[in-house]
Asks: 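My structure is below; once you've seen it, I'll send some questions.
To find a chain, count down the sequence lines: A is the first, B the second, and so on, and within it residues start at 1.
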2 protein chains.
Amino acid sequence: MPGKKVHTIADLVREFGVTARTIRFYEAEGMLTPERQGQQRLYHPRDRVRLTLILRGKRLGFTLAEIREIIDLYHADPGELGQLQYFLDKIQERRADLEQKRRDIELTLKELEEVDQTCRQRLSELAHAGSQEAAE
Amino acid sequence: MPGKKVHTIADLVREFGVTARTIRFYEAEGMLTPERQGQQRLYHPRDRVRLTLILRGKRLGFTLAEIREIIDLYHADPGELGQLQYFLDKIQERRADLEQKRRDIELTLKELEEVDQTCRQRLSELAHAGSQEAAE
DNA sequence: ATCATAGTTGACGTTTACGTAAACGGAAAC
DNA sequence: GTTTCCGTTTACGTAAACGTCAACTATGAT
């Protein structure tokens with residue numbers, strides 16, 4: 001299906017697991033720009049890419065405003081030199097943010113792993129105690 | 001300062017860069033449990049740890065409800081066997097979630113790195129063109 | 001005694017990101 | 001031809017996570 005040229009809103013609903021309301025909301029926010037055929041919307045690959053980026057950003061806890069900024073970075077017209085430096089700064093901000101998130105994730109994963117170990121150990125202890133009891 | 005035994009709310013405001021309103025809100029949500037000395041709140045190391053976890057969770061885009069769940073996993077009483085299996089499942093959920101976030105981060109970082117490269121190249125081109133112009 | 005400083009307690013306001021319901025349009029199925 | 005299905009528009013509703021007063025209280029400094 002993703003190979004198809006254009007998609008209806010229901011296609012996107014199925015593919016991305018979001019509601020039509022959400023998709024239209026993103027359009028109202030200027031983050032999607034489907035073609036119009038009469039009254040209906042037709043979504044092109046470009047829109048699917050953008051929706052992918054939006055949802056990825058959401059999973060990372062970015063606000064729509066931040067996601068918009070990030071997407072804008074992708075399609076930024078090089079423009080003039082001052083703009084370029086501005087973009088590079090923005091990119092650095094985002095990268096720093098993402099690297100912080102990465103550190104947070106590593107920490108949390110490490111801690112959860114410890115808890116997991118403790119649980120499993122306790123579990124095997126209980127199992128052992130259970131078989132002991134059964135043997136008595 | 002973090003070595004001190006107890007802290008006032010203003011201490012936490014300074015240390016964590018959040019407002020007192022926020023700290024009290026987290027307490028109202030049952031995520032902090034400061035001691036009371038008369039009317040004032042006194043925050044113990046335990047509260048600082050929890051606040052750290054809360055803010056880390058926020059950076060990762062977890063809701064307070066999710067953060068509460070995660071923190072609960074840390075302090076989960078082993079309890080009985082059924083509970084243990086439940087905890088292990090919960091832990092797996094969280095880990096899967098975090099690993100998804102990690103993949104999202106890697107992707108975004110990679111893409112931003114490309115944009116960064118493109119920008120820097122364009123920048124050097126412009127600089128070169130500029131010196132060319134100056135030479136003409 | 002009073003003034004400034006720090007903290008507290010409601011209570012209502014605000015933003016973000018949608019949910020939900022009503023009312024309508026077009027086309028396709030029966 | 002009229003249900004049925006899919007989509008649209010408009011508009012009000014809502015939950016989460018605080019912000020922002022306003023009106024105290026306690027405490028230490030002057």
Asks: I'd like to check the side chain to side chain donor-acceptor pair (under 3.5 Å) partners of A:Y74; sequence neighbours left out, ordered by chain and number.
Replies: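 Once residues adjacent in sequence are excluded, the partners of A:Y74 under the side chain to side chain donor-acceptor pair (under 3.5 Å) criterion are B:E111.
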Asks: Regarding B:R103 and B:E106, does a basic nitrogen lie under 4.0 Å from an acidic carboxylate oxygen?
Replies: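 Looking at B:R103 and B:E106, the cut-off is not met.
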Asks: Check the distance between C:dT5's C1' and B:D11's CG and give it to me in whole angstrom.
Replies: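 B:D11 atom CG is separated from C:dT5 atom C1' by 15 Å.
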Asks: Could you state the CD1-P distance from B:I23 to C:dT8, rounded to the nearest angstrom?
Replies: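 Interatomic distance, CD1 of B:I23 to P of C:dT8: 10 Å.
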Asks: Within the 4.0 Å limit for protein heavy atoms, which parts of nucleotides 11-19 of chain D are touched? Write it as a string from 5' to 3', B for base, S for sugar-phosphate only, - for none.
Replies: B-----BBB
Asks: Salt-bridge test for B:R120 and B:D116: reply yes if a basic N is under 4.0 Å from a carboxylate O, no otherwise.
Replies: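 Yes.
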Asks: If I take atom CG from residue B:L60 and atom CG from residue A:D104, how far apart are they, to the nearest 0.5 angstrom?
Replies: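 Reported value, rounded in 0.5 Å steps: 4.5 Å.
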Asks: Tell me the interatomic distance from B:R14, atom CZ, to C:dG7, atom P, rounded to whole angstroms.
Replies: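 Going from B:R14 (CZ) to C:dG7 (P), I get 8 Å.
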Asks: Return no unless some side-chain N or O of A:T8 is found under 4.0 Å from OP1 or OP2 of D:dC6.
Replies: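 A:T8 to D:dC6 OP1/OP2: no side-chain N or O under 4.0 Å.
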Asks: Do the side-chain N or O atoms of A:R41 get closer than 4.0 angstrom to the phosphate oxygens (OP1, OP2) of D:dT9?
Replies: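 For D:dT9, OP1/OP2 do have a side-chain N/O of A:R41 under 4.0 Å.
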Asks: Identify each donor-acceptor pair in which a side-chain atom of residues 28-39 of chain B lies under 3.5 Å from a protein atom, sequence neighbours left out, and give them as a table.
Replies:
unit_1 : atom_1 : unit_2 : atom_2 : d
B:T33  : OG1    : B:R46  : NE     : 3.4
B:E35  : OE1    : B:H44  : NE2    : 2.6
B:R36  : NH1    : B:Q39  : O      : 2.6

Asks: List the residues meeting side chain to side chain donor-acceptor pair (under 3.5 Å) with B:R41, not counting sequence neighbours, and say none if there are none.
Replies: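 Per chain and number, B:R41 pairs via side chain to side chain donor-acceptor pair (under 3.5 Å) with B:E27.
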Asks: Measure the NZ-CG distance between B:K58 and B:L51 for me, rounded to the nearest 0.5 Å.
Replies: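 Output value for this atom pair is 11.5 Å.
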Asks: Measure CG/B:L42 against P/C:dA6 and give the value in whole Å, please.
Replies: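 Result: 16 Å.
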Asks: Can you tell me how far C1' of C:dT8 sits from CD of B:E35, to the nearest Å?
Replies: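 Result: 17 Å.
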Asks: Take atom CG of B:L12 and atom P of C:dA6, then tell me their distance rounded to the nearest Å.
Replies: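 These atoms are roughly 15 Å apart.
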Asks: Rounded to whole angstroms, how far apart are CD on B:Q37 and P on C:dG7?
Replies: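 Roughly 13 Å, once rounded to whole Å.
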Asks: Regarding A:R24, tell me which of base, sugar-phosphate or nothing describes its non-hydrogen contacts under 4.0 Å with the strands shown.
Replies: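 Base contact.
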Asks: Could you list the residues that satisfy salt bridge (charged side-chain N to carboxylate O under 4.0 Å, His left out) with B:D47, not counting sequence neighbours?
Replies: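 B:D47 satisfies salt bridge (charged side-chain N to carboxylate O under 4.0 Å, His left out) with no residue once adjacent residues are dropped.
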Asks: Grab the CD1-C1' distance between A:I9 and D:dT9 for me, whole Å please.
Replies: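 Distance, rounded to whole Å: 12 Å.
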Asks: Using the 3.5 Å cut-off, write out each protein N or O paired with an N or O of nucleotides 25-27 of chain D and the distance between them.
Replies:
none

Asks: One thing to verify: whether A:R94 and A:D97 come together as a salt bridge, which I'm taking to mean a side-chain N less than 4.0 angstrom from a carboxylate O.
Replies: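 Salt bridge present between A:D97 and A:R94.
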